[in-house]
Amino acid sequence: MTPALDLLKKHRAEHRVHSYEHDPKSASYGLEAAEKLGLDPQQVFKTLLASSEKGELLVAVVPVVGTLDLKALAHAAGVKKCEMADPAAAQRATGYLVGGISPLGQKKRLRTFIDDSAQNFATIHVSAGRRGLEVELAAAVLAEYTQGTFAGIGRG
């Protein structure tokens, strides 16, 4: 069990857990999840951490088939600029290892932004907090339990 799944179970939030055998040599954790679980990669989202010019860590949830638009994230967060966060800082703040960072159940409550494309699907998949473990849930449920904001932060 992971903190992400504990949170969903505690609140009886509707979700489904999917697991697969993670290959440590895989170049992209998110694309690996889509391929091994037979999912549409547009519906699988990765969790990235960025840092504002003030050092605030921000969580960005974007499709695995695209990239994070740092300018759009900065705009959505109301900051001047963002850069990708240091992986060690991301791991310390979230309590998860890189490649298995879930937007749910993080150690510290960080402002979270979810690409608005997530709202196009009945359900999306995000990391459940460990490599090889995904959780399927409605984008609205993800937003509720992360106190996330939808914004156009992804680039196709």
Side-chain angles (χ1 to χ4, degrees), residues 1-8 13-51 57-74 76-77 82-108 110-146 148-156:
M1 208 49 67
T2 67
L5 296 176
D6 290 343
L7 174 76
L8 293 170
E14 193 170 323
H15 69 284
R16 287 182 51 208
V17 179
H18 303 273
S19 64
Y20 60 93
E21 193 63 40
H22 167 62
D23 178 359
K25 294 183 223 116
S26 179
S28 167
Y29 300 113
L31 289 174
E32 177 193 28
E35 183 184 311
K36 290 201 171 169
L37 294 172
L39 303 170
D40 174 356
Q42 303 280 343
Q43 262 181 284
V44 180
F45 285 69
K46 57 189 169 188
T47 306
L48 303 173
L49 269 79
S51 180
L57 288 177
L58 303 167
V59 177
V61 182
V62 296
V64 299
V65 291
T67 58
L68 171 61
D69 183 335
L70 289 166
K71 283 185 179 177
L73 176 61
C82 288
E83 61 185 26
M84 293 307 295
D86 172 61
Q91 290 183 167
R92 272 193 309 277
T94 63
Y96 294 115
L97 293 175
V98 169
I101 294 178
S102 177
L104 297 155
Q106 296 182 352
K107 229 191 307 186
K108 282 172 98 176
L110 302 172
R111 286 200 295 155
T112 300
F113 299 87
I114 305 162
D115 186 63
D116 49 18
S117 69
Q119 296 173 297
N120 298 336
F121 303 101
T123 60
I124 61 169
H125 296 77
V126 297
S127 174
R130 195 170 60 230
R131 295 171 189 160
L133 200 60
E134 293 282 307
V135 62
E136 177 183 0
L137 71 176
V141 171
L142 178 63
E144 179 181 352
Y145 292 106
T146 60
T149 302
F150 291 103
I153 59 169
R155 273 196 298 226

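This is a predicted model, so every value here is computed, not measured. If you read the sequence from its start, that first residue is 1, and numbering goes on from there. Computed from heavy atoms alone, side chains included, the values below leave out hydrogens, waters and symmetry copies.
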E136: which residues meet the side-chain contact (heavy atoms from CB on, under 4.5 Å) condition with it, sequence neighbours left out? R16, H18, T123, H125
Full working for side chain to side chain contact (heavy atoms under 4.5 Å, CB included) between V65 and L31: CA-CA 7 Å; V65 291; L31 289 174; 4.1 Å; yes
Of all residues at least two apart in sequence or in a different chain, which pass the ring-ring contact (aromatic ring centres under 6.0 Å, His included) check with H15? none
If a pair satisfies side-chain hydrogen bond (donor to acceptor under 3.5 Å, both in side chains) and one of its residues is in residues 38-48, list it, with sequence neighbours excluded. none
Taking distance alone, no hydrogens or angles, what donor-acceptor pairs closer than 3.5 Å link side-chain atoms of residues 95-103 to residues at least two apart or in another chain?
{"from": "Y96", "atom 1": "OH", "to": "A4", "atom 2": "N", "distance (Å)": "3.0"}
{"from": "Y96", "atom 1": "OH", "to": "L104", "atom 2": "O", "distance (Å)": "2.8"}
{"from": "Y96", "atom 1": "OH", "to": "G105", "atom 2": "O", "distance (Å)": "3.4"}
{"from": "S102", "atom 1": "OG", "to": "L104", "atom 2": "N", "distance (Å)": "3.1"}
{"from": "S102", "atom 1": "OG", "to": "S127", "atom 2": "O", "distance (Å)": "2.8"}

Side-chain heavy atoms of L68 within contact of I153, under 4.5 Å: yes
Summary of salt bridge (Lys or Arg N to Asp or Glu O under 4.0 Å) pairs that have at least one residue in residues 111-130, sequence neighbours excluded: E56-R111
Any heavy-atom pair between the side chains of L48 and M84 that's under 4.5 Å? yes
For A140, enumerate each residue passing the side-chain contact (heavy atoms from CB on, under 4.5 Å) test, keeping only those at least two apart in sequence or located in another chain. none
Report yes if the side chains of I114 and Q119 come closer than 4.5 Å at any heavy-atom pair, otherwise no. no
Go through the structure and list residues passing ring-ring contact (aromatic ring centres under 6.0 Å, His included) with Y29, not counting sequence neighbours. H22
Non-neighbouring partners of K25 that pass side-chain contact (heavy atoms from CB on, under 4.5 Å), sequence neighbours left out: D23
Does A122 have any side-chain contact (heavy atoms from CB on, under 4.5 Å) partners at least two apart in sequence or in another chain, and if so, which? none
